[in-house]
2 protein chains.
Amino acid sequence: MALLMPFEKEEYLARMKKVKDSMSSRGIDVLLVTDPANMCYLAGYNAWSFYVHQVLVVTLDDEQPTFIGRYMDAFCGALKTTWLDASHVRWYSDDYVQNTEKHPFDFVAGVLKDMGAGKKTIAVEMDSYYFTATCYESLKNGLPEAKIVNGNLLVNWVRIIKSPKEIELMKRAAKIVEKAMQTAIESLEPGSRQCDVAANIYNSLIKGTDEFGGDYPSIVPLLPSGDTSGAPHLTWTDERYSTGTIVMIEIAGCHQRYHSPMARTVSIGKPDDKVKRVAEITVEGLNAALNTVKPGVTCEEVELAWRKVLKKYGFEKESRIGYSMGLNYPPDWGEHTASLRPGDKTVLQPNMTFHCIPGMYFDDFGVSISEAFRVTENGCETLANFPRQLFIK
Amino acid sequence: MALLMPFEKEEYLARMKKVKDSMSSRGIDVLLVTDPANMCYLAGYNAWSFYVHQVLVVTLDDEQPTFIGRYMDAFCGALKTTWLDASHVRWYSDDYVQNTEKHPFDFVAGVLKDMGAGKKTIAVEMDSYYFTATCYESLKNGLPEAKIVNGNLLVNWVRIIKSPKEIELMKRAAKIVEKAMQTAIESLEPGSRQCDVAANIYNSLIKGTDEFGGDYPSIVPLLPSGDTSGAPHLTWTDERYSTGTIVMIEIAGCHQRYHSPMARTVSIGKPDDKVKRVAEITVEGLNAALNTVKPGVTCEEVELAWRKVLKKYGFEKESRIGYSMGLNYPPDWGEHTASLRPGDKTVLQPNMTFHCIPGMYFDDFGVSISEAFRVTENGCETLANFPRQLFIK
């Protein structure tokens, strides 16, 4: 096997055990894993093949999960690059691909029957991007005697606490994002095309450092600017930057699918007092939130520390200020589990990792200054080390 | 409005008309569009916000569709960058985001009721990536009196024939991919890290040309190499290339979300006779397929021309050799409509655009040489102009 996995088999087995324990406690016999990050987490499978339907079948009584995918992805990719043996890699023929007459989950239902799971309790990831409504309908039709239940985020909640090796990969990603953010800030000049700045950022993110190569981040560089800088998920255009423009930069270093995100805001030329003031308040609030982080504290308590700073200055923010993240695939590097927001009672534990991004988005400008952090034994450490401020060019 | 759309409002209205005609003919009152490419196609909305649930509501009696999304994406992004007026942009509060207690499609159901659609025939994109099983369940629960039907690919089938302006954007993307493929081939040297080659490719793809900036392609550069070069959807690692390695390169130029994909194969050092032979057969078969393309011919006839060449040399290929493509978002630049494969009776028409990629994937190596093409009035033209061969470094 030309193994491409960054972890030893023992780490995958330990992850499988945690997932199976969670399945057992919830009365689940079979878990169908369709989130590519969860598939990678459990099997080591890492390819851009999630644009066709594929699934990892986890059963309580089998040490290995079973990969089911398209022939061209299974016979070489899954067989050669994961820790699964040949009996745990199955494939469907190519005429199942994007064909209205038949659906890959018809095939998956057949495999489950062959595995003796036709009458079992089968959990599916109901709200994962790659488990569509048709997957669900096709499975229900193919397995009329099975009990199909919601196993959404089951694996994601196992992923929330990182192993030392995972933390190491995220710290490598942090070295990469420091370098790329420096590149971004240097490239933002009046007259530069937005696409040229994005190209420089990409070059830096993917090259990585001399020691650690860059992987593709799960979200492309976000570069809203000017009068749409308050729209945080805009990307870039061919337009040229001009003096007086505010640019929010949100990027992530990625190494072997592990992320370290970072946002900073740049003013090309002297910023308005309003922008400076919002940036100062953002940094004060972000510091307050980070200072609150330690094991035993809840996610909503971290957000409250931020909120109090905002209130002191007469501001409010409608949206959450952060989320758990780590291993992922497009379209998101967030894990969809804990969020830093009111009502989230998740208790912080060592080696949880978050992106705290208290973006302030207004109708005519935005300011975003963020930190990715790890919960330590008695507090928190940021993954990267980069000046926490508004940059003025 | 800081319109970022590349088309005039008239083009959006013409698209809306075609979609409504298709809805009418199928008895659909309301269409919920969740595929980001379809949302962009109809509204001009272009942001990396599809990692949270969002939808465009098309009704027969309203000229404009209604955007429903997260507040931070709606109030500035959708309002300022699309042709929709303020009454056609709606938002849900941030506590709907990735929250197991409530789901954005609960909110969508409420909006549909407000719009008087609670008892209508509502079509949903059942197998689109961003319409999850939970979206479907939530909608059914929220609209018990509606008739919910499958409108999968309805908009995609309208997209299959491109306008002159769309073709122009794809030809710009082709200029970009020519440049990036040249960069890729030049960068592939013994001792280069895979990530450094990927970084060079990205830099070239995103910078674009002096006239046309690059947008992010919907699939990252695919660079399977060595003994896993038969696994077409692998990306890259930190490893260094060595002499004797075969590398398949599949990339796309992208301009304002329109793609022009291209695959080429490189041998670092002298290739085996087997590799050379497969490359020659691939080019002969690809030429035969392209020579068959003209209006009136079916997709399966194009594939048959390829298949005959293969058979002559005693080879077979299990998978389709191409698909319709154009405007798109991750994770795929394919449109999921017509495929070049046996059984696909789609009749070619002028300004359909395909990626013909007859990849030959073996256990120990792969060869991929492709062309993106447009169906012309009497034949076909490739979008890019790049030597159709195995490259030997």
Side-chain angles (χ1 to χ4, degrees), chain A residues 2 4 47-51 71-73 76-77 80-81 93-95 97-98 124 126-136 193 195-196 198-199 202-203 206-208 212-214 216 219-220 222 227-228 230-235 237-238 318-320 330-332 336 339 341 343 361 363, chain B residues 2 4 47-51 71-73 76-77 80-81 93-95 97-98 124 126-136 193 195-196 198-199 202-203 206-208 212-214 216 219-220 222 227-228 230-235 237-238 318-320 330-332 336 339 341 343 361 363:
Chain A
L4 295 175
W48 191 288
S49 56
F50 42 86
Y51 74 93
Y71 174 66
M72 69 170 69
D73 298 315
C76 181
K80 285 195 180 179
T81 67
S93 57
D94 211 67
D95 54 346
V97 173
Q98 297 162 8
V124 293
M126 286 290 286
D127 206 25
S128 107
Y129 303 113
Y130 303 105
F131 189 73
T132 66
T134 299
C135 294
Y136 186 47
R193 289 191 306 176
C195 57
D196 292 333
Y202 254 123
N203 190 51
I206 306 300
K207 207 174 282 292
F212 319 121
Y216 59 89
I219 304 177
V220 298
L222 300 173
D227 68 345
T228 52
H233 299 118
L234 296 184
T235 54
T237 70
D238 297 5
E318 188 253 357
S319 49
R320 67 179 181 179
D332 196 5
H336 298 198
S339 288
R341 65 178 162 200
Y361 313 126
D363 186 45
Chain B
L4 296 174
W48 191 287
S49 56
F50 44 86
Y51 74 93
Y71 174 66
M72 67 170 70
D73 298 315
C76 182
K80 286 197 182 181
T81 68
S93 58
D94 211 68
D95 55 346
V97 172
Q98 298 162 8
V124 293
M126 285 290 287
D127 206 25
S128 107
Y129 303 114
Y130 303 105
F131 189 73
T132 66
T134 299
C135 294
Y136 186 48
R193 291 190 306 176
C195 58
D196 291 334
Y202 255 123
N203 189 51
I206 307 300
K207 206 175 285 291
F212 319 122
Y216 59 89
I219 303 178
V220 298
L222 300 172
D227 67 346
T228 51
H233 299 118
L234 297 184
T235 52
T237 70
D238 297 7
E318 189 254 357
S319 47
R320 67 176 181 182
D332 196 4
H336 297 198
S339 288
R341 66 179 162 199
Y361 313 126
D363 186 45

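In what follows, every chain begins at residue 1, and chains take the letters A, B, ... in the order their sequences are listed.
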If you count heavy-atom pairs under 4.5 Å between each of [options] and chain A, which one has the most?
{"options": "B/Asp332, B/Asp94, B/Ile219", "result": "B/Asp94"}
{"options": "B/Cys195, B/Pro331, B/Gly343, B/Pro232", "result": "B/Pro331"}
{"options": "B/Tyr361, B/Tyr216, B/Phe50", "result": "B/Tyr216"}
{"options": "B/Thr235, B/Asp238, B/Asp95", "result": "B/Asp238"}

Top contributor to chain B interface from [options] [non-hydrogen pairs under 4.5 Å]:
{"options": "A/Cys135, A/Gly214, A/Gly208, A/Ser339", "result": "A/Gly214"}
{"options": "A/Val220, A/Val97, A/Leu234", "result": "A/Val220"}
{"options": "A/Ser49, A/Gly230, A/Cys76, A/Ser93", "result": "A/Cys76"}

Does any heavy atom of chain A fall under 4.5 Å from the side chain of [X], the backbone, both, or neither of them?
{"X": "B/Asn203", "result": "both"}
{"X": "B/Leu222", "result": "side chain"}
{"X": "B/Asp73", "result": "side chain"}
{"X": "B/Ser319", "result": "both"}
{"X": "B/Thr237", "result": "side chain"}

Taking side chain as C-beta onward, heavy atoms only, is B/Asp363 less than 4.5 Å from A/Lys80?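 Of all side-chain heavy-atom pairs linking A/Lys80 with B/Asp363, at least one is under 4.5 Å.
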Do A/Tyr130 and B/Tyr130 have side chains that get closer than 4.5 Å, going by heavy atoms? yes
If I compare all heavy atoms of A/Tyr71 with all of B/Glu318, which pair ends up nearest, and what's the gap? CD2-OE1, 3.5 Å
Write down the atom of A/Tyr202, the atom of B/Ile206, and the distance for their closest heavy-atom approach. CD1-CG1, 3.6 Å
If you measure from OH on A/Tyr136 to OG1 on B/Thr132, what distance do you get to the nearest 0.5 Å?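 If I round to the nearest 0.5 Å, the distance is 11.0 Å.
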For the residue pair A/His233 and B/Tyr51, categorise the inter-ring angle as parallel (less than 30°), tilted (30 to 60°) or perpendicular (more than 60°). perpendicular
With a 4.5 angstrom heavy-atom cut-off, which part of A/Arg320 approaches chain B: side chain, backbone, both or neither? both
